[in-house]
Undergrad: 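The structure under discussion is supplied below as structure tokens; questions concerning it will follow.
Only a predicted model underlies this, so the values are computations on that prediction, with no experimental measurement involved. Throughout, numbering of the chain's residues begins at 1 and tracks the sequence. In listed order, ligands and their atoms are each counted from 1.
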Amino acid sequence: MSRRVYVFDTTLRDGEQSPGASLNPREKLEIARQLDRLGVDIIEAGFPVSSPAEIDSIQAICREVRRPTICGLARVVEKDIDAAAKALEGAQRSRIHVFIGTSPVHRESKLKKSEAEVVAMAVHGVEYAKARCHEVEFSAEDATRTPREFLKEVFTAAIAAGATTINVPDTVGYTCPTEYYDLIAWLIANVPGMANVHVSVHCHDDLGMAVANSLAAVSAGATQVECTVNGIGERAGNASLEEIVMAMRTRSDLFPTETGVAPGEIMRASRMVSQFTGIVVQPNKAVVGSNAFAHESGIHQDGVLKERTTYEIMDPEAVGAGGTKIVLGPRSGRHALRHRLGELGYQVSDADMGPIYERFLAIADAKKQVFDEDLVAIMEEHDVSSAPGFEVVGLQTISGSRAIPTATVEVRTPGGDTVRESAAGSGPVEAVYAAIDRATGLSCRLLEYRLRAVRENRDAVGEARVKVEHQGRTAVGLGASTDVVEASARAYVSAVNRIRQVEANGKDRPAAEGVS
Ligand code: KIV
Ligand code: ZN
């Protein structure tokens with residue numbers, strides 16, 4: 001039977017302590033609403049004593065968000081607890097989270113208190129809070145650097161004073177999974193009353209082990225995990241909510257537990273938190289990074305297209321991340337290219353696939369990632385250039401404010417010869433067209449010339465579209481390349497080929513498509 005683990009989200013408190021992340025009251029309320037939809041059990045909405053505005057914003061959350069318990073943080077001092085009680089007054093279910101440092105370094109250097117004084121303060125804090133809200137959580141700050149016997153003494157006293165949740169924070173991200181497992185198991189076995197309260201864990205990520213430590217603690221019997229969306233938080237951040245939840249779901253064989261979280265809301269929560277805090281999610285972040293379900297290598301792409309689970313342990317749809325992403329680039333194979341073209345509506349024959357794939361690779365090499373718009377440009381170019389004709393196989397231009405624009409082109413003729421010609425012009429494109437005219441022996445007149453980027457990026461493919469005229473016939477041509485002069489040459493040659501094709505078919509025959 002699976003055990004319920006409660007999710008305590010502290011995005012609005014510890015998460016907001018991320019350097020640079022400050023949220024306004026409207027954003028906090030929006031995030032709280034999303035956390036409610038996400039299904040977290042407890043929302044730590046802030047640190048009320050920090051400012052009157054903080055109290056107002058927690059009050060707004062209490063009014064609007066009714067299902068989860070709303071929690072406010074307080075030191076074990078009356079001033080803090082009074083502020084928290086005021087902020088939480090209107091909550092459907094309220095929790096005051098009181099804390100005090102227990103490790104020698106916190107006690108001696110920061111608080112300048114003896115062990116006995118810390119215990120007395122903890123007890124007073126819990127008792128004072130208990131009379132002012134529904135639930136009291138007690139945290140021994142820096143618990144993982146606190147001697148076990150003292151931790152046992154403080155927790156025993158806090159439980160006797162009425163704490164309903166005991167939190168064991170790894171405040172500085174110092175512990176390791178085996179050690180933390182051992183500590184949690186030891187506390188559950190040795191602290192009187194610990195079996196009757198919620199045992200909570202709160203891990204920071206200074207050594208990159210916050211999630212692993214939280215999961216180890218769950219295995220040891222912890223019933224509450226404290227975490228933040230996207231793992232944001234003080235310094236290196238807190239344990240990431242989405243990673244903990246998805247690890248427990250994906251490896252339910254190792255973690256026979258369940259949470260109230262609706263995974264389908266994870267991505268929406270992640271995007272909202274990122275947008276409001278301005279903290280960008282790293283692309284390779286587990287579960288919510290933009291690359292979390294993206295496949296780049298040809299072998300992986302081939303695998304996931306045959307069977308998604310070859311390289312995916314979670315269904316991206318299940319976390320609201322859309323589908324599997326095949327990133328088309330220099331390492332993509334024909335299978336992936338054909339698949340994406342099919343999704344875009346192009347059915348490509350085996351014969352056509354060769355030149356299309358070659359063209360794709362040339363563009364992929366130049367710009368690393370090939371987008372749908374690039375593929376459409378490649379296909380349009382292929383459509384107008386698939387008939388045998390002239391082909392530009394080499395191109396060099398010289399231009400600049402002091403140079404005479406000159407172009408040299410190498411053109412393969414329909415007969416298979418390669419012809420090299422040079423010409424000058426008023427600009428590099430005009431010079432290229434003049435050189436092509438010499439190489440093909442067809443002197444066409446340029447009627448229209450249009451150039452556009454198929455995406456906004458600086459490395460986008462440029463698409464050239466031209467209309468040319470030769471002996472009363474006009475034809476259009478398209479060309480695409482990351483080099484706009486090369487795109488222009490391709491467009492011109494494809495229009496020339498159309499004209500040639502129609503002229504070869506005889507003037508009496510009806511005009512071919514694209515030629516009038
Ligand atoms: O990291 C920590 O110890 C905290 C406490 C206030 C729980 O955030
Ligand atoms: Zn913390």
Undergrad: Are the side chains of I159 and F138 in touch, meaning some heavy atoms are under 4.5 Å apart?
TA: no
Undergrad: Just list the N/O pairs, ligand 1 to protein, that are under 3.5 Å apart, with the distance for each.
TA:
residue: ligand 1; atom: 1 (O); partner: H202; partner atom: NE2; Å: 3.1
residue: ligand 1; atom: 1 (O); partner: H204; partner atom: NE2; Å: 3.0
residue: ligand 1; atom: 3 (O); partner: T171; partner atom: OG1; Å: 2.6
residue: ligand 1; atom: 8 (O); partner: R13; partner atom: NH1; Å: 3.4
residue: ligand 1; atom: 8 (O); partner: R13; partner atom: NH2; Å: 3.0
residue: ligand 1; atom: 8 (O); partner: D14; partner atom: OD2; Å: 3.1
residue: ligand 1; atom: 8 (O); partner: H202; partner atom: NE2; Å: 3.1

Undergrad: State, with a plain yes or no, whether a side-chain heavy atom of R340 is found less than 4.5 Å away from one of E343.
TA: yes
Undergrad: Report the C-alpha separation of E141 and K110 in whole Å, then their side-chain angles, then the decisive distance to 0.1 Å, and conclude whether the salt bridge (charged side-chain N to carboxylate O under 4.0 Å, His left out) test is met.
TA: CA-CA 12 Å; E141 192 187 16; K110 188 179 79 173; 2.8 Å; yes
Undergrad: Does the pair D41/R4 count as a salt bridge with the N-to-O cut at 4.0 Å?
TA: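 R4 and D41: salt-bridged.
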Undergrad: Report yes if the side chains of R132 and L88 come closer than 4.5 Å at any heavy-atom pair, otherwise no.
TA: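 A side-chain contact is absent here, since even the closest heavy-atom pair is not under 4.5 Å.
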Undergrad: Would you check if L375 and F360 make a side-chain contact, meaning some heavy-atom pair closer than 4.5 Å?
TA: yes
Undergrad: Testing T178, L151, T175 one by one against L183 for a side chain to side chain contact (heavy atoms under 4.5 Å, CB included), which residue passes?
TA: L151
Undergrad: Are there any protein N/O/S atoms under 2.8 Å from the Zn ion (ligand 2), and if so, which?
TA: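 Sorted hits: D14 OD2, H202 NE2, H204 NE2.
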Undergrad: Give a yes or no on whether R37 atom CZ has more than 12 heavy-atom contacts from other residues, nucleotides or ligands under 6.0 Å away.
TA: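 Count over threshold, so yes.
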Undergrad: Can you find a pair of side-chain heavy atoms, one from M267 and one from V288, that are under 4.5 Å apart?
TA: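 The answer is yes; the side chains approach within 4.5 Å.
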